[in-house]
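Residue indices begin at 1 and follow the sequence shown.
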Amino acid sequence: MDSQTNRRANPDRPSPGDVTALAVAVPDLGGLLSGWADVGHGTLPRRLAHALRRAIQSGVLPTGWRLPPERQLAESLAVSRTTISEALDELRGEGLLRSTQGRGTFVSSPVQAAPVGTRVADHLSVGRGVDLATGNPPDLSHLPNVEIDMSLLTASGGGPGVYVMGLPAMAEAVADLYRRGGFTGPPRRTDADEIHITSGAHQAMSLLIAALVGRDRPLALAQLNYPGIFDILDGQGLRAAPVGIDSAGMLPESLEQVIVEQRPAALYVQVGPHNPTGKVLPPARVRALAEIVDRYDVAVIEDNTLAALTFPGVSRPETFLDACRSAPVVSIGSLSKVCWAGLRLGWIRAPQPLIEQTMYRRLSIDLGASAPSQLIALSLLPHLDDIAAERRRRLVEAVEYGHALLSEAMPEAVIGRPEGGSVLWTELPIADSGPFVSLARRHGVHVAPGSICVTGRLPGPYLRICVDRPLDLLREGADRLARAWRDARPSPLVAG
């Protein structure tokens, strides 16, 4: 997937044995080096050389990878070509880079594997400045005060403190959420042994994908998606089968074509609000997609992480669990977006045999979720409806305020209006938002390029901007984006 992006930067195929010309898939340099100007000491070229040196010595930039041309790199990092030349000269002198006339500049460090997890890192790796990239509750002020009796650590079923499936009391409480309905959708019968408590929804996705998807068959998913799903696939050496989308979501005809031609092992879906667009799949679209997966008996991994943050006035998302008649559907939930990401608590709801498979997958990397976090969650669950209502109220206010601020800061941008969640999916009048993201970071505001949400990580005009922030911080971030946009407008970053 990422190799599609790097292929454009490395179009020449190397001759056999030419290790300096290997085309290796690595992250986009603009995103990888985000914040480099704020790290280290000395001149700008010296700091850039320091950032590149760290990337090379850690194996993030592997041997044989060819750097983009100096002019392209200067535009991507929003600096002068002289800064690029001086930084590269320093690394050539150290033997970390090697330039060949007519071929380009290549990394010549010891061979190491390229990293995975680079997409989520693009919006979690935040340095100094205003963070408008990470999409999590900014504080705990929407939560009620709770007290934890430490004696309950063992009384709640934790035993010695290791329980891979989650505390029995926690699994029972989540099962009860499904039985009562509301937060998880319509009421449905659920037993505690159909619940696996995970360290967040991201781990739940990873475990289910490992259990359901093999190397011979891909995972079908919307071509625009949660960045972490691509990191999970890369980390497990699996393939994505992208499904085309329109303004309403996945296209039924594209899904059917993918199923017929690529025989995916499963389909990953976000019913809504979708990350990153914030849109909710219309019920008619859900039913049309469900009819197709029923016809071909394709398993569905349904991510309901953001469902409780659907805004007032928007119909609650219809689930595949309700719409599918015969296709197996498993569900993912989480407390990260409604309560606090620091709890690191999510869950899988699935038939007991599949739950057992995910348990064995987990034991290779982890021995269970934090018992104290689960006790905190148990104290919060009775208040979950009120907590979600307060989160929705605050998000509506932040989205409206953020939309007005960003419309003023970047009047040429097309800023979407989400139906839930905290992200404003923004289209700029440029071919690639990556250089602007780097320029914005120089102005002290961190936003994420839309490319981290796209299959193949292809560059495009989009930004992923999270407005789930205190309003004064949101205004400061918008002011810094406005200054960055003014700097960008006379440059080749902006068409016309």
Side-chain angles (χ1 to χ4, degrees), residues 1 4 185 201 204-206 208-234 236 238-307 310 315-332 349-350 354 416 419-420 425 450 453-458 460 462:
M1 290 178 284
Q4 297 177 37
M205 294 175 212
S206 181
L208 281 171
I209 289 171
L212 293 173
V213 182
R215 295 181 184 273
D216 57 332
R217 297 171 66 188
L219 175 72
L221 75 178
Q223 62 186 32
L224 182 66
N225 228 304
Y226 163 59
I229 198 72
F230 300 111
D231 284 343
I232 289 169
L233 291 173
D234 288 347
Q236 297 184 17
L238 303 176
R239 294 184 294 122
V243 177
I245 60 174
D246 63 8
S247 59
M250 274 193 293
L251 292 163
E253 58 270 26
S254 179
L255 174 61
E256 184 161 22
Q257 182 179 4
V258 165
I259 291 174
V260 170
E261 294 180 357
Q262 301 193 47
R263 297 178 56 251
L267 169 68
Y268 169 79
V269 295
Q270 300 179 62
V271 177
H274 178 266
N275 181 352
T277 66
K279 295 299 183 181
V280 174
L281 269 175
R285 181 64 62 87
V286 173
R287 290 191 286 269
L289 294 168
E291 181 182 343
I292 292 170
V293 294
D294 277 342
R295 188 183 316 148
Y296 294 96
D297 195 32
V298 176
V300 178
I301 301 172
E302 183 170 68
D303 185 355
N304 294 311
T305 300
L306 292 173
T310 303
S315 297
R316 175 84 182 199
E318 181 169 341
T319 68
F320 279 71
L321 195 59
D322 292 315
C324 289
R325 303 301 179 192
S326 58
V329 180
V330 297
S331 301
I332 292 170
R349 180 193 183 274
L354 181 57
E419 296 174 308
W425 186 242
C453 305
V454 179
T455 311
R457 201 166 183 171
L458 301 176
Y462 295 98

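Residue A248 comes nearest to L281 through the heavy atom pair O-CD2, 3.2 Å, listed as atom of the first residue, atom of the second, then distance. The nearest pair of heavy atoms linking V300 to V269 is CG1-CG2, 3.7 Å. Contact between Y226 and F230 at its shortest, heavy atoms only, is O-CD1, 3.8 Å. For the residue pair G420 and P273, the shortest heavy atom distance occurs at CA-CG, 3.5 Å. Residue A307 comes nearest to R316 through the heavy atom pair O-NH1, 3.9 Å, listed as atom of the first residue, atom of the second, then distance. Annotation for E318 and A323: closest pair OE2-CB, 3.9 Å, computed over non-hydrogen atoms.
For Q236 (side chain) and S206 (main-chain N/O), a donor-acceptor pair under 3.5 Å exists by modelled atom type. With hydrogens and angles ignored, the 3.5 Å screen pairs no side-chain donor or acceptor of D294 with any backbone N or O of C324. Side-chain atoms of T455 come within 3.5 Å of backbone atoms of Q223 as a donor-acceptor pair (strictly under, hydrogens ignored). Panel note: side chain N225, backbone A222; a donor-acceptor pair is recorded below 3.5 Å. One N or O on the side chain of Q270 and one on the backbone of N275 form a donor-acceptor pair closer than 3.5 Å. No donor-acceptor pair under 3.5 Å is formed between the side chain of Q262 and the backbone N or O of A241.
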Original post:
Would L208 and L354 count as a side-chain contact (heavy atoms from CB on, under 4.5 Å) if you check the C-alpha gap in whole Å, the side-chain angles of each, and the deciding distance to 0.1 Å?
Top reply: CA-CA 8 Å; L208 281 171; L354 181 57; 4.0 Å; yes
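Rounded to the nearest 0.5 angstrom, N304 CG and I332 CD1 are separated by 8.5 Å. Separating the CZ atom in R263 from the CZ atom in R217 is a distance of 4.5 Å, to the nearest 0.5 Å. To the nearest 0.5 Å, atom CG of residue L321 and atom CD of residue E302 are 6.0 Å apart. Here I301 contributes atom CD1 and L267 contributes atom CG; the two are 8.5 Å apart, rounded to the nearest 0.5 Å. From L238, atom CG reaches atom CD1 of I232 across 10.5 Å, with rounding to the nearest 0.5 Å. Atom CG of residue L224 and atom CE of residue M250 lie 11.5 Å apart, to the nearest 0.5 angstrom.
Taking 4.5 Å as the limit, every side-chain heavy atom of V293 sits out of range of all side-chain heavy atoms of V329. Proximity of V286 to D322: side-chain heavy atoms (C-beta onward) are nowhere separated by under 4.5 Å. Looking at heavy atoms from C-beta onward, Y462 lies out of side-chain contact with C453 at the 4.5 angstrom threshold. Counting heavy atoms from C-beta on, the side chains of S315 and V280 never come closer than 4.5 Å. L219 places none of its side-chain heavy atoms less than 4.5 Å from the side chain of P264. By the 4.5 Å heavy-atom criterion applied to side chains, L289 and F320 are counted as neighbours.
Between R285 and D246, at least one side-chain nitrogen of the basic residue sits less than 4.0 Å from a carboxylate oxygen of the acidic one, meeting the salt-bridge criterion. The existence of a salt bridge linking R287 and E291 is excluded, since no basic side-chain nitrogen approaches an acidic carboxylate oxygen closer than 4.0 Å.
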